[in-house]
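For clarity, every value in this text was computed on a predicted model and none was experimentally measured. Note on naming: letters A, B, ... go to the chains in the order of the sequence lines (proteins, then strands), and numbering restarts at 1 for each one.
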Amino acid sequence: MPRHWMVKSEPASYSWEQFTKDGHAAWTGVRNFQARNNLRAMKTGDIVLFYHSVTGKEVVGIAKVAREAYPDPTADEPGWDCVDLVPAKPLKKSVTLAAIKAAPALKDIALLKQSRLSVMPLTAEEYAVILKLAA
DNA sequence: GCCAACGTTGGC
DNA sequence: GCCAACGTTGGC
């Protein structure tokens, strides 16, 4: 069973549209220990929801882990890792932050509990509920 | 544009 | 080891 994750990106710096155009992305630039530890826990084939922060504030698509953690080439110091992601498919309907907040099943989601965390795990249930909201 | 939340840094 | 200062994130 693949595990489920969510990554955040400001569309102004890297959007889902750009990601799908690129066809893949090295998820670099994470400089937070907890987020890095989550990156390191990702396995090839794991499912990753792509969230647009600041502008949009909505989950827009599904990605997959194509390469597990390796040293982040953009880091000045050792100890920071990145993974490679590939787009799987866009959500039929994006799931807004407001919709997530309104869903009782998502009240404990890391997105709400730790608003500043940029790479977070999702439970299988949380993932299923978000997909349902996207239908 | 503002501000709350939070992580990091540095002085003690 | 504590805590104030500071910087950053991200929602509003």
Side-chain angles (χ1 to χ4, degrees):
Chain A
M1 253 312 254
R3 296 220 271 161
H4 305 90
W5 309 91
M6 180 182 288
V7 296
K8 299 199 293 198
S9 181
E10 292 194 36
S13 52
Y14 195 70
S15 67
W16 171 260
E17 287 71 25
Q18 187 62 46
F19 179 44
T20 51
K21 201 189 292 178
D22 293 344
H24 60 90
W27 210 255
T28 57
V30 170
R31 299 292 183 270
N32 169 282
F33 291 110
Q34 206 179 343
R36 183 207 62 191
N37 291 344
N38 289 332
L39 282 181
R40 286 181 174 175
M42 289 184 180
K43 298 291 178 198
T44 303
D46 277 0
I47 295 165
V48 183
L49 291 180
F50 195 109
Y51 175 82
H52 276 168
S53 62
V54 183
T55 311
K57 284 168 282 179
E58 55 192 10
V59 184
V60 290
I62 304 171
K64 280 192 174 175
V65 178
R67 182 180 172 189
E68 293 173 19
Y70 61 98
D72 183 343
T74 72
D76 296 330
E77 310 170 339
W80 299 113
D81 289 352
C82 62
V83 297
D84 285 355
L85 301 180
V86 291
K89 62 175 180 179
L91 293 184
K92 201 174 296 176
K93 192 161 73 97
S94 57
V95 179
T96 64
L97 182 62
I100 289 170
K101 281 184 173 172
L106 297 177
K107 69 176 170 54
D108 291 326
I109 195 172
L111 181 69
L112 302 180
K113 282 287 169 69
Q114 282 177 274
S115 62
R116 294 185 53 193
L117 188 60
S118 62
V119 181
M120 67 196 86
L122 296 175
T123 66
E125 195 204 358
E126 287 163 351
Y127 176 74
V129 170
I130 291 171
L131 279 206
K132 210 170 170 186
L133 291 172

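Other cluster members for A:I100: A:M6, A:I47, A:L49, A:Y51, A:V59, A:I62, A:L91, A:V95, A:L97, A:L106, A:I109, A:L111, A:L112, A:L117, A:M120, A:L122, A:Y127, A:V129, A:I130, A:L131, A:L133, joined by side-chain heavy-atom distances under 4.5 Å among Ile, Leu, Val, Met, Phe, Trp and Tyr. Through direct or indirect side-chain contacts shorter than 4.5 Å among Ile, Leu, Val, Met, Phe, Trp and Tyr, A:W80 is connected to A:F33.
Judged as a side-chain hydrogen bond (donor to acceptor under 3.5 Å, both in side chains), and not counting sequence neighbours, A:E10 has no contacts.
Sorted by first and then second residue, the ring-ring contact (aromatic ring centres under 6.0 Å, His included) pairs with a member in residues 81-111 of chain A form an empty list; sequence neighbours excluded. Sorted by first and then second residue, the side chain to side chain donor-acceptor pair (under 3.5 Å) pairs involving residues 65-76 of chain A (not counting sequence neighbours) are A:R31-A:D72, A:R31-A:T74, A:T44-A:E68, A:Y70-A:D84, A:D72-A:T74.
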* To do: For nucleotides 7-12 of chain C, just jot down a letter per nucleotide in 5' to 3' order: B, S or -, based on protein non-hydrogen atoms under 4.0 Å.
  => BBBSSS

